[in-house]
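Structure first, commentary second.
As the structure lists them, so they are numbered: ligands from 1, and atoms in each ligand from 1.
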Amino acid sequence: MKRIYLSSPHMSGNEQKYIQEAFDLNWIAPLGNNVNGLEKDLAEYNSIEDAAVVNSGTAAIHLALRLLNVREKDTVFCSSLTFVASANPILYQGANPVFIDSELDTWNMSPQALKTALTEAEEEGNLPKAVIIVNLYGQSAKIDELVSICNSYDVPVIEDAAESLGSSYKGKKSGTFGRFGVFSFNGNKIITTSGGGALVSNDEEALKDARFLATQARDQAVHYQHSESGYNYRMSNIVAGIGRGQMEVLDERVSQRRSIFARYYEAFNDVPGMNFQPELEGSISNRWLTALTIDPQITGVSRHQIVEKLNENNIEARPVWKPMHLQPLFEGVKYYSHEEENSVSDYLFEYGLCLPSGSNMSVEDQERVIEHIKMLLPRS
Ligand SMILES: *Cc1c(COP(=O)(O)O)cnc(C)c1O
């Protein structure tokens, strides 16, 4: 039986046309038509002023922190329930992360916990330089509430939309709500360039600075002069060609992932103790990964048993992200839970499961996954 992956690359077929164009023009590097084209495609798709493409989503988050002048000993708030790439750039800057819990309506940052954290930070005279808000598995956070809380403290928002490209909230594209938005084109994301990312913003001046920092911060001079430290973060023109081919099918990929979600939902929504990640009213999730919780007391089977059984049958399934406040890397870091004595991200980590959700999965592949899970469910 062939392996079914959580989320594997799914090409449109047009990627090579753009790559060929780069070869024909010998525009292999630096930058070039595909880089400019992909930046334009992204800005247009998301109805935002500007996009700068870079070699990873992590690099885009790092640039956003640099642009917000995050330095050593500064504080940056970040969602706890996320992939480590959201938080690593805080460490690159020598700053101190503070992690914020999730709420159950979206699985994303709890406005209540954020409010508590900001109130305390203000009392201590140590407001964060930025708040990184993650949209998990494609679902937008309660972004209006979160941004309005941050605005009342004058703290800028970085929207980590690495997993939510193509999603929307109240009719506006995910990733466009903060001062900066971040997308990822890593191999497992909804579209991929094999590796890459983007920083988007309505602040075109800031994105000019981002491009400057991403190309070794070269001053205007023929003799290679530098006044500050930069990075080699720009996307290659070949890789950007893949991105252009992928942008052509982004909306199709969103509907494919949503259909996959719908089939899992149909199969398991009635099973007591199984609860799918909700879609907040007014938002549309790209359903990058179908995620659900399984309460073993009620369902009679544990998340762990399902992961094992699927893996034995050559099907990749995984627990939801391990929250940052539980990571050895961040031992001792401050954490604000949703309520006192109620950490929602701990709960989601303990019971949460991600099912294979790649847009290139066939209906038969998905039935194979569903059948293996059904075999574990107690007969009623
Ligand atoms: C994938 C991901 C990133 C990082 O993107 P890369 O392109 O892999 O560097 C950041 N944040 C989240 C939430 C992600 O899932």
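The protein non-hydrogen atom at the shortest distance from atom 4 (C) of ligand 1 is A85 CB, 3.4 Å. When hydrogens are left out, the protein atom nearest atom 5 (O) of ligand 1 is S184 OG, 3.2 Å; that is the closest non-hydrogen contact. The nearest heavy-atom contact from the protein to atom 11 (N) of ligand 1 is D160 OD2, 2.8 Å.
Contact atoms of ligand 1 toward N186: 7 (O), 8 (O) (distance under 4.0 Å to a heavy atom of the residue). Annotation for ligand 1: atoms under 4.0 Å from non-hydrogen atoms of G57 are 5 (O), 6 (P), 7 (O), 9 (O). Per-residue contacts place T82 under 4.0 angstrom from the following atoms of ligand 1 (heavy atoms of the residue considered): 13 (C). Atoms of ligand 1 found under 4.0 Å from any heavy atom of A162 (numbered from 1 in listed order, with element): 2 (C), 3 (C), 10 (C), 11 (N), 12 (C), 14 (C).
Contacts between T58 and ligand 1, counted as non-hydrogen atom pairs separated by less than 4.0 Å, involve both the backbone and the side chain. Heavy atoms from both the backbone and the side chain of S56 come within less than 4.0 Å of ligand 1.
The residue among E163, H62, K189 with a heavy atom at the shortest distance from atom 13 (C) of ligand 1 is E163.
The aromatic rings of Y137 and W321 sit parallel to each other, their planes meeting at less than 30°, with 60° as the upper class boundary. Aromatic ring orientation, Y335 versus H325: parallel (interplanar angle below 30°, classes split at 30° and 60°).
Counting heavy atoms from C-beta on, the side chains of L280 and Y169 come closer than 4.5 Å.
A salt bridge is absent between K40 and D50; no separation between the charged side-chain nitrogens and carboxylate oxygens falls under 4.0 Å. Residues E316 and R318 are paired through a salt bridge, judged by an N-O separation under 4.0 Å between the basic side chain and the carboxylate. Ion pairing between K142 and D105 holds under the 4.0 Å rule for side-chain N and carboxylate O. Between E205 and K208 there is a salt bridge, since a side-chain N of the basic residue sits under 4.0 Å from a carboxylate O of the acidic one.
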Could you walk me through whether F276 and Y264 satisfy the ring-ring contact (aromatic ring centres under 6.0 Å, His included) test, starting with their C-alpha distance in whole Å, then the side-chain angles of each, then the deciding distance to 0.1 Å, before giving a yes or no?
CA-CA 9 Å; F276 287 84; Y264 283 131; 7.5 Å; no
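Residue contact check for ligand 1: G196 places a non-hydrogen atom closer than 4.0 Å to it. The closest approach between S86 and ligand 1 falls below 4.0 Å for a heavy atom of the residue.
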